[in-house]
A.B. asks: 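Starting off with a structure, shown below.
Quantities reported herein were computed from a predicted structural model and do not represent experimental measurements.
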Amino acid sequence: MHKIIGFDTETFFSRKLKYSVKTMIAEQYCKHELFDPYIISVSDGETNWAGHRRDFNWNALEGQTLISHNRYFDNSVYNEMVVRGWAPRINIAGWHCSANLTAYLCNRRALAHSIEYLYGIKLSKDPRENSDNKRWPADFSAEEQRKMLDYARLDPFWCRKIWVDHSDKWPEKEKRLSNLTIDQGMRGVQIDTRLLDEYICQSHEMKLATEKLLPWMNDEGDDEEEIGWEGFKTKPTSTKCIAEQCRRSGIPCPPVKAHEGEEAYEEWENEYRRNHPWIVSLSSWRSVNKLYKSFLTVKARLRSDGTMPFGLKYFGAHTGRWSGDAKINMQNMRKEPVLCTVGGFMESNQKNIEEAMRHKESTGKFPEWVKYALDFRALVIPRPGKKMIVSDLAQIEPRSLAWLVGDHQTLDFVRAGKSIYEAEARFSMGFKEDKLDKKSTIYAEAKARRLALGYGAGWLKFITMAHQYTGMDITEGDPEFEFLPDGSKVSGYGKRSREIVAAYREQNPLIADKEKGIWAALELAFKRSIGSDLKVVLPSGRVLRYEKVKCERKLKPDKDGKPRLSAVFTCDIGGRRFESYGGKLTENLVQAFARDVFADHILILNDTPGISVLFTSHDEAILEVDEHITKHDVENIMSVCPEWCAGLPVAAEAKEVSHYLK
DNA sequence: GCAAGATGCGCC
DNA sequence: AAAGGGCGCATCTTGC
């Protein structure tokens, strides 16, 4: 008879020896000499068994469906046990991850948190905490052994119960996406190991060279003030050292990017970088160090065949997007290479970098001042005999927003093969000419408006975002002063931005109208949910949940920076409270909707013979394919409009590449 | 000595 | 009344 069996393992770990799944990925942990899975525990709902692996009847699993809370881990443990001859190969009907299920159900991954949410029962993790650095059975007293076994029996019981009680709410597609994600990570990607070794040496060199330019790291007598750095732990990015250095140099401390904004920091940097070169070195050090550490992690993770396993979290974000996991985040590998100048330092001037990239594009080589280039993405290559294709959805989020609000004018225009940014120029910016040059200011502004203003951004934010998306500085040309109707004189900074934001909102009523727009509709729904939950049903049928909505009073700085009490609306997501409002809810909705479109494509790609999905990054699929698969095949699949969002213009751009890039 | 929070850096 | 959002990891400081 077919059974659903909860399956769990308890393994030796040691914080002291830095041996745990926190410090390494599951496979590294299992390959380690300290690896010891000393308890196997299973539950079929009636019997909960726990004991040493020697005493486990593996045949009981034959033909059954297994449920583990974090299948990635338990599956890796089992695989290694087979390799070591500690477990036989068995045929199972399937193996599912209840942590992925609870992420989908209630935005929680930890078993204890999920059980508390779903059943109102608090489980103790004490026995596991007490097993830190303890060998089984020698380091456990008889009492401790009994407690540990009792504890171990509970885990598979609960993860099985979660499955039995709730898996009917998990659509078949999502179950497949969950297992697909786990399998992708376990399969891993091929790494160019020769290049990796080169990168490790080069980035280490750069790191050391950069470190020497930080005054507090190189305080050898040439300091005129002779104050020394006693009392300071001189670490490369120590905030205390930075502050002290600024004091000594008579310059203000750097503005905090998260508070004062990115451009405030840029301004500060531009003001002082000439006379204080360490300022640039500081940022460089952070970048180079990050890169260097990533290279080391890749190296430590390599298998003998040059592939590297990785982790990606199914439903890592509450919108349903995947998120990174386990030290190397496949979704945030830098796009542009780090360029090392002849002096051994990282080039940080954006203009120089762009020029170097253009030079490379046209001549195939970097200019002479580039000593070497470190490109993380170049490390990821197709396996022998395979090709690599990278494909991403074209402007999926702005298109999704247009579809969600029913902007048929824009949708028709895009379906006719035209640009969604041009739609903005024509329909809400008054552009009337025959042709819109993609290099024109109008086009750039239209693009910035579509990308930045759909979710309620204000004028100050728009200045930064416009710069980020198009490179243009829209404050250029702002008057120094403005006169208000009452005759008073105020700064003219941001005049243009204010005008653009107001015009966008005026011209896009489906989005921004204070009564009929989507921001207002979602905000109203949110406020009406006070005292209960807001459920936003997505076109795919999936539901976004904002639980326990409340109106709270919060101190916020007003225009003059003085604290003022204001009303904010908050909700519970995954056990934590967040503030939200119309624009933010709109963004969540669009992100979740676009994720569902993309997820459909991933399933079709995966079902296509000759295509393996290596990993994904929000709207981009990185594929390893057989010789006969072309980029057009991939584009065709990723241009499919799911049946639950008829009329959405979906398109993709794919390219065949020798290594991961963009 | 560890955990939590703040900050910066990377991505879509 | 106004408010872009979603992530993860490394480093450092602070508080227990």
A.B. asks: Restricting to pairs with a member in residues 322-338 of chain A, which pass side-chain hydrogen bond (donor to acceptor under 3.5 Å, both in side chains), not counting sequence neighbours?
C.D. replies: A:T181-A:W322
A.B. asks: Between C:dA1 atom C1' and A:F569 atom CZ, what is the distance in whole Å?
C.D. replies: 11 Å
A.B. asks: At under 4.0 Å between heavy atoms, which parts of nucleotides 6-12 of chain B does protein reach? Answer with one letter per nucleotide, 5' to 3': B base, S sugar-phosphate only, - none.
C.D. replies: -SSBBSB
A.B. asks: Remember a base hit wins even if backbone is also touched, and classify A:Q395 as base, sugar-phosphate or nothing at under 4.0 Å, heavy atoms.
C.D. replies: nothing
A.B. asks: By nearest atom, which of the nucleotides C:dG5, C:dC7, C:dC12 is closest to the A:K584 side chain?
C.D. replies: C:dG5
A.B. asks: For A:R321 and A:H618, run side chain to side chain donor-acceptor pair (under 3.5 Å): C-alpha distance rounded to whole Å, both residues' side-chain angles, the deciding distance at 0.1 Å, then the answer.
C.D. replies: CA-CA 7 Å; A:R321 292 225 294 213; A:H618 309 302; 3.1 Å; yes
A.B. asks: Tell me every residue that passes salt bridge (Lys or Arg N to Asp or Glu O under 4.0 Å) with A:E424, counting only those two or more places apart in sequence or in another chain.
C.D. replies: A:R449, A:R450
A.B. asks: Please report the distance, rounded to the nearest Å, between CG in A:L453 and P in C:dG5.
C.D. replies: 13 Å
A.B. asks: Could you pull out all residues at least two apart from A:S491 that satisfy side chain to side chain donor-acceptor pair (under 3.5 Å)?
C.D. replies: none
A.B. asks: Could you pull out all residues at least two apart from A:T237 that satisfy side chain to side chain donor-acceptor pair (under 3.5 Å)?
C.D. replies: none
A.B. asks: With respect to the phosphate group of C:dA10, does any side-chain polar atom (N or O) of A:K235 fall under 4.0 Å of OP1 or OP2?
C.D. replies: no
A.B. asks: Indicate, with a heavy-atom threshold strictly under 4.0 Å, whether A:N289 touches base, sugar-phosphate, or nothing.
C.D. replies: sugar-phosphate
A.B. asks: If I take atom CG in residue A:L522 and atom P in nucleotide C:dG4, what distance separates them, rounded to the nearest angstrom?
C.D. replies: 17 Å
A.B. asks: The side chain of A:K240 lies closest to which of these nucleotides: C:dC7, C:dT11, C:dT14?
C.D. replies: C:dT14
A.B. asks: Please pick, from C:dG8, C:dT11, C:dA1, the nucleotide with the shortest atom-to-atom distance to any side-chain atom of A:S566.
C.D. replies: C:dA1
A.B. asks: Quick one: ring-ring contact (aromatic ring centres under 6.0 Å, His included) partners of A:F593, sequence neighbours excluded?
C.D. replies: A:W403, A:W644
A.B. asks: Kindly calculate the angle separating the two end axes of the helix from B:dG1-C:dC16 to B:dC12-C:dG5, each obtained from five base pairs, and round it to 10 degrees.
C.D. replies: 10°
A.B. asks: Indicate, with a heavy-atom threshold strictly under 4.0 Å, whether A:A567 touches base, sugar-phosphate, or nothing.
C.D. replies: base
A.B. asks: Hey, does A:A317 reach any base, or is it just sugar-phosphate, or nothing, if we go heavy atoms under 4.0 Å?
C.D. replies: sugar-phosphate
A.B. asks: If you measure from NZ on A:K22 to OH on A:Y29, what distance do you get to the nearest 0.5 Å?
C.D. replies: 11.0 Å
A.B. asks: Rounded to the nearest angstrom, tell me the gap between atom OH in A:Y292 and atom P in C:dT11.
C.D. replies: 11 Å
A.B. asks: Not counting sequence neighbours, which residues clear side chain to side chain donor-acceptor pair (under 3.5 Å) with A:H204? List them please.
C.D. replies: A:Y292
A.B. asks: What is the distance, to the nearest angstrom, from the CZ atom on A:F526 to the P atom on C:dA2?
C.D. replies: 18 Å
A.B. asks: Please check: side-chain N/O of A:W268 versus main-chain N/O of A:P252, any donor-acceptor pairing under 3.5 Å?
C.D. replies: yes
A.B. asks: Should A:T319 be listed as having a side-chain N or O under 4.0 Å from OP1 or OP2 of C:dG6?
C.D. replies: no
A.B. asks: Of the nucleotides C:dC12, C:dA2, C:dG8, which one has an atom closest to the side chain of A:S238?
C.D. replies: C:dC12
A.B. asks: Does C:dG4 have OP1 or OP2 under 4.0 Å away from a side-chain N or O of A:R505?
C.D. replies: no
A.B. asks: Nearest whole angstrom, please: distance from the P of C:dA1 to the CG of A:L460.
C.D. replies: 21 Å
A.B. asks: What contact category does A:G583 fall into here, base, sugar-phosphate, or nothing, at under 4.0 angstrom with non-hydrogen atoms?
C.D. replies: nothing
A.B. asks: Under 4.0 Å between any heavy atoms, over every strand shown, what does A:K16 touch: base, sugar-phosphate, or nothing? Just pick one.
C.D. replies: nothing
A.B. asks: Mind checking the CG-CZ spacing from A:L538 to A:R595? Nearest 0.5 Å is all I need.
C.D. replies: 9.5 Å
A.B. asks: May I have the distance from A:F310 (atom CZ) to C:dG8 (atom C1'), rounded to whole angstrom?
C.D. replies: 15 Å
A.B. asks: Rounded to the nearest Å, what distance is computed from the CZ atom of residue A:F315 to the P atom of nucleotide C:dC7?
C.D. replies: 11 Å
A.B. asks: What residues, two or more places apart in sequence or in another chain, satisfy salt bridge (Lys or Arg N to Asp or Glu O under 4.0 Å) together with A:K535?
C.D. replies: none
A.B. asks: Between the base of C:dA3 and the side chain of A:E587, is one N or O donor paired with an acceptor at under 3.5 angstrom?
C.D. replies: no
